[in-house]
*Asks:* 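So that we are looking at the same thing, I have put the structure below in structure tokens.
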Amino acid sequence: MNRIALTASFILTAIGAAAAQNAPAPETLTATQRDGQKLFYQSCGVCHLKPQITAPQFAPALSKESVSGNDSAMRQVISEGTPRMPGFKYQFSPEQIGFIASYVMALPPQPAPASTQR
Ligand code: HEC
């Protein structure tokens with residue numbers, strides 16, 4: 001492997017490790033879930049994904065078990081927010097919130113990192 005290819009593969013691996021965090025392979029997602037995934041990375045990952053190996057994650061990891069796996073409760077949380085989370089009802093349409101909820105509901109349950117308090 002030449003040096004550029006090596007560097008590129010290193011960078012991709014690093015991005016993958018930081019961003020993917022248990023993310024399902026894109027080909028396993030429906031089109032709706034992929035739309036939700038994009039919005040999730042833009043608007044939710046800053047708190048719900050681990051930013052760097054050394055930095056703590058602010059908010060709990062999300063999965064199909066979040067809010068007891070209840071789809072309408074999930075939409076409610078995303079719309080209205082929580083004490084430490086902003087609501088997104090002015091930023092996203094109900095349809096977009098549905099996309100995001102369907103993406104979160106596709107995530108496998110994951111053990112909470114030791115640094116995250118639920
Ligand atoms: C500013 C940081 C922040 C952002 C941005 C954020 N959240 Fe949250 N979220 C939190 C925190 C913190 C909690 C835990 C509840 C609390 O402490 O208020 C939470 C809780 C949740 C829960 C409930 C989890 C459970 O099992 O009860 C869901 C679902 C959720 N967030 C989804 C989202 C989605 C989807 C987005 C993007 C549209 C998002 N959040 C953006 C901070 C954030």
Side-chain angles (χ1 to χ4, degrees):
M1 217 190 299
N2 68 32
R3 197 169 167 168
I4 292 171
L6 252 180
T7 308
S9 81
F10 173 77
I11 291 170
L12 285 177
T13 309
I15 292 171
Q21 201 198 35
N22 223 14
E27 61 273 16
T28 66
L29 298 175
T30 65
T32 300
Q33 290 165 344
R34 278 199 297 271
D35 286 344
Q37 182 180 40
K38 279 185 217 135
L39 300 174
F40 184 86
Y41 280 130
Q42 286 163 15
S43 300
C44 321
V46 62
C47 292
H48 285 283
L49 294 173
K50 196 160 161 41
Q52 285 169 13
I53 304 299
T54 51
Q57 183 174 323
F58 180 71
L62 300 177
S63 74
K64 58 172 62 126
E65 291 182 351
S66 302
V67 282
S68 310
N70 182 320
D71 186 59
S72 69
M74 170 83 62
R75 290 163 193 249
Q76 172 82 8
V77 169
I78 299 170
S79 298
E80 303 296 331
T82 71
R84 296 195 303 142
M85 170 179 156
F88 287 85
K89 65 182 168 191
Y90 300 116
Q91 187 172 341
F92 294 132
S93 66
E95 189 187 24
Q96 287 174 311
I97 289 175
F99 293 167
I100 299 170
S102 78
Y103 172 66
V104 173
M105 291 296 182
L107 296 173
Q110 43 198 312
S115 59
T116 303
Q117 299 197 334
R118 302 206 70 174

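As the structure lists them, so they are numbered: ligands from 1, and atoms in each ligand from 1.
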*Asks:* Could you list the atoms of ligand 1 found under 4.0 angstrom from a heavy atom of Met74?
*Replies:*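 Taking each heavy atom of Met74 in turn, ligand 1 has 29 (C) under 4.0 Å.
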*Asks:* Counting from 1, what ligand 1 atoms have a heavy atom of Cys44 closer than 4.0 Å?
*Replies:*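 Ligand 1 atoms under the 4.0 Å threshold to Cys44: 34 (C), 35 (C), 36 (C), 37 (C), 38 (C), 39 (C), 41 (C).
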*Asks:* Ligand 1 versus Ala101, non-hydrogen atoms closer than 4.0 Å: side chain, backbone, both, neither?
*Replies:*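 Neither; nothing of Ala101 gets under 4.0 Å from ligand 1.
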*Asks:* Any atoms of ligand 1 less than 4.0 Å from a non-hydrogen atom of Cys47? List them with their elements.
*Replies:*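 Counting from 1, the qualifying ligand atoms are 1 (C), 2 (C), 3 (C), 4 (C), 5 (C), 42 (C), 43 (C).
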*Asks:* Check ligand 1 against Pro60 and write out every atom of the ligand that is under 4.0 Å from a heavy-atom position of the residue.
*Replies:*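 Listed by number with element, the hits are 13 (C), 14 (C).
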*Asks:* What atoms of ligand 1 come within less than 4.0 Å of a heavy atom belonging to Phe58?
*Replies:*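 The atoms of ligand 1 under 4.0 Å from a heavy atom of Phe58 are 2 (C), 12 (C).
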*Asks:* Report the part of Leu62 in contact with ligand 1, treating N, CA, C, O as backbone and CB onward as side chain, heavy atoms under 4.0 Å; options are side chain, backbone, both, neither.
*Replies:*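 Answer for Leu62: side chain.
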*Asks:* Counting from 1, what ligand 1 atoms have a heavy atom of Pro83 closer than 4.0 Å?
*Replies:*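 Taking each heavy atom of Pro83 in turn, ligand 1 has 18 (O) under 4.0 Å.
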*Asks:* Should you measure from each heavy atom of Ser43, which atoms of ligand 1 turn up under 4.0 Å away?
*Replies:*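 Under 4.0 Å from Ser43, ligand 1 has these atoms: 5 (C), 37 (C), 41 (C).
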*Asks:* Pairs of nitrogen or oxygen atoms closer than 3.5 Å, one from Val67 and one from ligand 1: do any exist?
*Replies:*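 In this structure, Val67 places an N or O atom under 3.5 Å from an N or O of ligand 1.
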*Asks:* Could you list which atoms of ligand 1 come closer than 4.0 Å to a heavy atom of Ile100?
*Replies:*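 Listed by number with element: 35 (C).
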*Asks:* Could you measure the distance from the CG atom of Leu107 to the CD atom of Glu65? Nearest 0.5 Å is fine.
*Replies:*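 Here the rounded value is 11.5 Å.
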*Asks:* If you round to the nearest 0.5 Å, how far is CG of Asp71 from CD of Gln76?
*Replies:*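 Result: 12.0 Å between the selected atoms.
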*Asks:* Ligand 1 and Thr82, any nitrogen or oxygen pair closer than 3.5 angstrom?
*Replies:*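 Yes, at least one N or O pair falls under 3.5 Å.
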*Asks:* Determine, considering heavy atoms only, which of His48, Gln91, Gln57 sits nearest to atom 7 (N) of ligand 1.
*Replies:*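 Considering heavy atoms of His48, Gln91, Gln57, the nearest to atom 7 (N) of ligand 1 sits in His48.
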*Asks:* Using the side-chain contact (heavy atoms from CB on, under 4.5 Å) rule, pick out the option among Asn70, Val67, Ile97 that qualifies with Arg75.
*Replies:*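 Per the side-chain contact (heavy atoms from CB on, under 4.5 Å) rule, the option paired with Arg75 is Ile97, out of Asn70, Val67, Ile97.
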*Asks:* Distance from Lys64 atom NZ to Met74 atom CE, nearest 0.5 Å?
*Replies:*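 Interatomic distance, Lys64 NZ to Met74 CE, rounded to 0.5 Å: 11.0 Å.
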*Asks:* If I take atom OG from residue Ser66 and atom CE from residue Met105, how far apart are they, to the nearest 0.5 angstrom?
*Replies:*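 Separation between the atoms: 7.5 Å.
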*Asks:* Kindly indicate whether a cation-pi arrangement holds for Arg34 with Phe99, taking the cut-offs as under 6.0 Å to the six-membered ring centre and within 45° of the axis.
*Replies:*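 Pair Arg34/Phe99 does not count as cation-pi.
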*Asks:* Output the distance between atom CZ (Phe88) and atom CG (Leu39), rounded to the nearest 0.5 Å.
*Replies:*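 Going from CZ on Phe88 over to CG on Leu39, the span is 10.0 Å.
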*Asks:* Between Gln37 and Leu29, is the side chain to side chain contact (heavy atoms under 4.5 Å, CB included) condition met? List the steps.
*Replies:* CA-CA 9 Å; Gln37 182 180 40; Leu29 298 175; 3.6 Å; yes
*Asks:* Rounded to the nearest 0.5 Å, what separation is found between the CZ atom of Phe40 and the NE2 atom of His48?
*Replies:*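 Phe40 CZ to His48 NE2: 6.5 Å, rounded to 0.5 Å.
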